*Asks:* 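I am attaching a structure below and will ask some questions about it afterwards.
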Amino acid sequence: MNAPHPQWPAITTPAQNFIANRWQAPAGGGELPMVDPSDGAPFAAIARGNADDVGTAVRAAEAARDGAWGRLAPAEKGRLLGTLSRLILDRADELALIEARDCGKPLAQARADVAACARYFEFYGGASDKLHGTTIPYPEGFTVLTWREPHGVTGHVIPWNYPLQIFGRSVGGALAAGNACVVKPAEDACLSLLRVAELAAEAGLPPGALNIVTGLGAEAGAALVEHPGIRHISFTGSPATGAWVGAAASQRHCPVTLELGGKSPQIVFADADIEAALPALVNAIVQNAGQTCSAGSRLLVERSRYEEVLARLGERFAALVAGPALADLDCGPLIRATQLARVRDFLASAARDGIATVAQGTVAADAPAGGFYAAPTLLRDVPIGHRLVCDEVFGPVLAALPFADEADAIRLANATDFGLVAGVWTQDGARQLRLARAVQSGQVFVNNYGAGGGVELPFGGVKHSGHGREKGFEALFGFTTVKTVVVRHG
Ligand code: NAD
């Protein structure tokens, strides 16, 4: 395994776990193949870690928490994270190629993900010595203060769709707050993270501050969630797995941040600047082939301009091309064969239920036959309650429907179990704010849309999209616990 492809860099990270700044063979000795979504062929392997490996990593993290990492001044911790950020940028070409091959992302997207990952470590490196408590007015003769303390050892479960970005946002915040981390990345794509872990050691992070155990969710992932030494869990993934993680964590009263799925609405009013909205509407569903939790996957358009918007959007969809990561087209392949089957199943149910296709892009003629390609598709008049407007497709499929007025737009926007992100397109300032208040979601973009990115912007969901916040300064509150100290001095 790990055979180099002529156009790709050789994968230099071994099929082992990265614990206490060195490669360690998995206790069970197994390997998992890594498949290139652009051609469906295996090209590398990772370790199949298990509960024993998680135990080793937690012990290493506890030693770091009580030792070299825990003792470092916050400003020194921040400096090391800043150094890691620069090393990531130094290796941007290599990391982008690894990410593009592993996830099937167009190379330009992978480059943006590397930049975002570096930016997380830069942002949180700068924040680590600015996280402080408060003093609280209390009766005469007392002084009351609060400290923000790290949880200790934090666990991080990362999905495959944005490994570098989600690793940066989760681990960056946790380390900046003074925690030592154990990471279980996704078995479908995680090679870039193993390389970043090596860079973290090169940056000078003490052994045990950052540990990675690769493997399957039901093995290494579940063991991490259930390990009593893990004092906070940051989970990003599907709502179903998130429900299990939340339940398992509650058994031992461990705090969790759950970043789950979405079915985010793009709400376009008749007074919107449609020309400005069109590229954002396309990008929000095509980015990463629609495999983005915050993808703008539902399009709600005021009835008087519905036909016009669909016609203009249809022209753009018809011109979209999916192809291999290195071709750097509008979108790459889906992550794996089962994900492609899932998207095809959604499209089959649309055809069965008489839902009309406005336009469909194409798959590049020279795309390898073994790749997992889905052509971007725009569907119209999808009935409320249909799975295409209720469930995450996690593919490049946009479901459009018209609305009558503002109240109807709000009703439709909130008519799913999810609540992650919403886009509002209108020139009416008062309506912008009314919608931003009325829509049930963790983020609202007005006359713009940001799927991913936005390191500074607190991010997370309501309802089935999860709870807790990552990104921005807000995340640091979740990665710490407050201790209140009450001193009676007379
Ligand atoms: P998934 O839940 O199957 O896997 C996510 C991670 O959880 C992987 O690392 C996996 O190994 C691990 N895992 C699986 N079972 C586990 C268990 N029992 N215990 C612990 N860990 C376990 O999700 P997926 O299908 O790989 O990812 C896609 C989903 O993630 C989508 O629903 C998407 O919306 C969501 N997502 C959300 C965000 C966000 O920030 N809100 C970001 C990216 C992806």
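Read the numbers this way: they start at 1 and go in the same order the structure lists the ligands and their atoms. Values in this document were obtained by computation on a predicted structure and should not be read as measured data.
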*Asks:* Yes or no on side chain to side chain contact (heavy atoms under 4.5 Å, CB included) for Phe317 and Val282, after CA distance, side-chain angles and deciding distance?
*Replies:* CA-CA 8 Å; Phe317 264 73; Val282 173; 4.2 Å; yes
*Asks:* Would you say Gly466 contacts ligand 1, with heavy atoms under 4.0 Å as the rule?
*Replies:* no
*Asks:* Under a 4.0 Å threshold between the charged nitrogen and the carboxylate oxygen, would Glu474 count as salt-bridged to Arg469?
*Replies:*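 No, Arg469 and Glu474 are not salt-bridged.
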*Asks:* Can you name the atoms of ligand 1, numbered from 1 with element, that are less than 4.0 Å from a heavy atom of Thr236?
*Replies:* 5 (C), 37 (C), 38 (C), 39 (C), 40 (O), 42 (C), 43 (C)
*Asks:* Kindly confirm or rule out a cation-pi arrangement of Lys263 over Phe418, judged by NZ or CZ under 6.0 Å from the six-membered ring centre and within 45° of its axis?
*Replies:* no
*Asks:* Which residue and non-hydrogen atom of the protein lie closest to atom 15 (N) of ligand 1, and at what distance in Å?
*Replies:* Thr241 CG2, 3.3 Å
*Asks:* Which residue supplies the protein heavy atom nearest to atom 13 (N) of ligand 1, what is that atom called, and how far is it?
*Replies:* Gly217 CA, 3.4 Å
*Asks:* Nearest protein heavy atom to atom 27 (O) of ligand 1, by residue and atom, and its distance?
*Replies:*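 Nearest neighbour among protein heavy atoms for atom 27 (O) of ligand 1, to 0.1 Å: Trp160 NE1, 3.6 Å.
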*Asks:* Can you pull out the closest protein heavy atom to atom 44 (C) of ligand 1? Residue, atom name and distance to 0.1 Å, please.
*Replies:*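 For atom 44 (C) of ligand 1, the nearest protein heavy atom is Asn161 ND2, 3.1 Å.
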*Asks:* Have a look at Ser238, Gly460, Ala243, Gly461 and point out the one with the heavy atom closest to atom 23 (O) of ligand 1.
*Replies:*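 Residue with the shortest heavy-atom distance to the ligand atom: Ser238.
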*Asks:* Do the side-chain N and O atoms of Trp23 and Glu198 include a donor-acceptor pair separated by under 3.5 angstrom?
*Replies:*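 Result is yes, a qualifying pair exists.
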*Asks:* If the contact criterion is a heavy-atom separation under 4.0 Å, does Tyr162 count as touching ligand 1?
*Replies:* no
*Asks:* As an exercise, identify every atom of ligand 1 less than 4.0 angstrom from a heavy atom of Val157.
*Replies:*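 Numbered from 1, ligand 1 contributes 6 (C), 7 (O), 9 (O), 12 (C), 21 (N).
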*Asks:* Specify the protein heavy atom at minimum distance from atom 10 (C) of ligand 1: its residue, its atom name, and the distance to 0.1 Å.
*Replies:* Glu187 OE1, 3.6 Å
*Asks:* Give a yes/no on ligand 1: does His156 have at least one heavy atom closer than 4.0 angstrom to it?
*Replies:* no
*Asks:* Measuring only between side-chain heavy atoms, which start at C-beta, is Val343 closer than 4.5 Å to Phe394?
*Replies:* no
*Asks:* In this structure, does ligand 1 have an atom that sits under 4.0 Å from one of the heavy atoms of Gly215?
*Replies:* no
*Asks:* I need the nearest protein heavy-atom contact for atom 8 (C) of ligand 1: residue, atom name and distance, please.
*Replies:* Ile158 O, 3.6 Å
*Asks:* Please work out whether the ring planes of His232 and His151 are parallel, tilted or perpendicular, with thresholds of 30° and 60°.
*Replies:*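 If you compare the ring of His232 with that of His151, the planes turn out parallel.
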*Asks:* Considering only non-hydrogen protein atoms, determine which one is nearest to atom 41 (N) of ligand 1 and report residue, atom name and distance to 0.1 Å.
*Replies:* Leu260 O, 2.6 Å
*Asks:* Using a 3.5 Å distance criterion without hydrogens, assess whether the side chain of Asn414 forms a donor-acceptor pair with backbone atoms of Arg411.
*Replies:*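 Absent.
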*Asks:* Take the angle between the ring planes of Phe477 and Phe473 and call it parallel below 30°, perpendicular above 60°, tilted in between.
*Replies:*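 Rings of Phe477 and Phe473: perpendicular, over 60°.
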*Asks:* Under 4.0 Å from atom 4 (O) of ligand 1, is there any protein heavy atom?
*Replies:*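 No, no protein heavy atom sits under 4.0 Å from atom 4 (O) of ligand 1.
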*Asks:* When you compare the side chains of Ser349 and Arg387, does any donor N or O come within less than 3.5 Å of an acceptor on the partner?
*Replies:* yes
